[in-house]
Trainee: 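Have a look at this one before I ask anything.
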Protein chains: 2
Amino acid sequence: MDKNSISSHLTENNIKPSYARIKIMEYLLHKKNHPNVDEIYTELVKDIPTLSKTTVYNTLNLFNDAGLVKVITIEENEVRFDADTSEHGHFKCEKCKKIYDFNIEIEGIKVIGLENFKIRQKDIFFKGLCAKCINHINSDN
Amino acid sequence: MDKNSISSHLTENNIKPSYARIKIMEYLLHKKNHPNVDEIYTELVKDIPTLSKTTVYNTLNLFNDAGLVKVITIEENEVRFDADTSEHGHFKCEKCKKIYDFNIEIEGIKVIGLENFKIRQKDIFFKGLCAKCINHINSDN
DNA sequence: ATATTTGCAAATAATTTGCAGTCGA
DNA sequence: TCGACTGCAAATTATTTGCAAATAT
């Protein structure tokens, strides 16, 4: 997605496409990691020296309210963001701390006890060890 | 589970069954809500006037490390605890904020992309509106 | 008596808020 | 110009840490 389409993406959701907002959305869409506020700020302040964390917080809340990003809370004390709002699961490796996306057939899940509930969002979080860490017992973060 | 079996439950997991620890575990097992630190503290300090939040934090971390409780992070900025460590899902109503447990056939879930990964914990969080809130459009928190 | 548990207060960390300055149509 | 956007600093909230006092074996 280029700058123009990001801009329209925001406009379509009633968000004025300011420079900072476009950059933050661009970052979220390009980077496949699931950054937290600090990572977004530290990375983008290189391009936008005047950027403040407040703006990052404001912008992410705005995006979240508009449904443009998903908040990932796979671990306590960590709020992470994902611009891929399609249904998919997240896996966090307890060793290397990396977060992986995975596909899941959510439709097939049989749920008992939520009859007549309106489910708006489904989050699937798994934790464990990723294949890399299992194999080379690697120690590089 | 009575006091004695709670005590053995702790002992079996190499946790010395102090008074505060038994009370906290008892609270978690009895209360079906999924309390956060503050709720646990506020409730138990009535029985144990000398209780401090530090102890609640210490104890819950201890329980968590031993696998006796599960940390629920269904919403950012909220750490909640669940003494039911069997596999089940959590649903949070966005209106009344209540957290419901539900049963789910986790085995049947088809996952693509985690081949050769070792999955240690599976968490399923749904959000939306519960049947009560849909029906009486109730406003009592 | 000796090790563990507890509790206070201070430290740290993440996030929110108030408000003033800045930018763009 | 006007309203929206931004950024600093202060405030708030959750959690952790250091250490001394209390407790238990």
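Below, chains carry the letters A, B, ... as their sequence lines are ordered, and counting in each starts from 1. The structure presented is a predicted model; accordingly, all values stated were derived computationally and were not measured. Any value given below was found using the heavy atoms of this structure, including those in side chains, with hydrogens, waters and symmetry copies removed.
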Trainee: State whether B:K53 and B:D38 are salt-bridged, where the test is any N-O pair (Lys NZ or Arg NE/NH1/NH2 against Asp/Glu carboxylate O) under 4.0 Å.
Mentor: yes
Trainee: On a heavy-atom basis, which atom in A:L29 and which in A:A83 lie closest, and how many Å separate them?
Mentor: CD2-CB, 3.7 Å
Trainee: Tabulate protein N/O versus nucleotide N/O from nucleotides 4-6 of chain D, keeping only pairs under 3.5 Å, one per line.
Mentor:
| from | atom 1 | to | atom 2 | distance (Å) |
| --- | --- | --- | --- | --- |
| D:dC5 | OP1 | A:R21 | NH1 | 2.6 |
| D:dT6 | OP1 | A:S18 | OG | 2.7 |

Trainee: Using the side-chain contact (heavy atoms from CB on, under 4.5 Å) definition, which of the options B:L68, B:L60, B:T59 pairs with B:L28?
Mentor: B:L60
Trainee: Distance under 4.0 Å to a non-hydrogen atom of chain B counts as contact; along DNA chain C, which nucleotides mark the start and end?
Mentor: C:dT4 to C:dT15
Trainee: Nearest whole Å is fine: how far is D:dT15 C1' from B:Y41 OH?
Mentor: 15 Å
Trainee: Per the side chain to side chain donor-acceptor pair (under 3.5 Å) rule, which among B:T73, B:D82, B:D123 passes with B:H90?
Mentor: B:D82
Trainee: Which label fits B:H34 and B:H88: parallel for a plane angle under 30°, tilted from 30 to 60°, or perpendicular past 60°?
Mentor: parallel
Trainee: Could you state the NZ-P distance from A:K53 to D:dA10, rounded to the nearest angstrom?
Mentor: 17 Å
Trainee: Using salt bridge (Lys or Arg N to Asp or Glu O under 4.0 Å), reason through A:E39 and A:K31 one step at a time and then give a plain yes or no.
Mentor: CA-CA 11 Å; A:E39 286 163 1; A:K31 284 284 185 169; over 6 Å; no
Trainee: If we ignore angles and hydrogens, is there a donor and acceptor under 3.5 Å between the side chains of A:T55 and A:S52?
Mentor: yes
Trainee: Tell me whether the guanidinium CZ or amine NZ of B:K23 lies under 6.0 angstrom from the six-membered ring centre of B:Y27 and within 45° of its axis.
Mentor: no
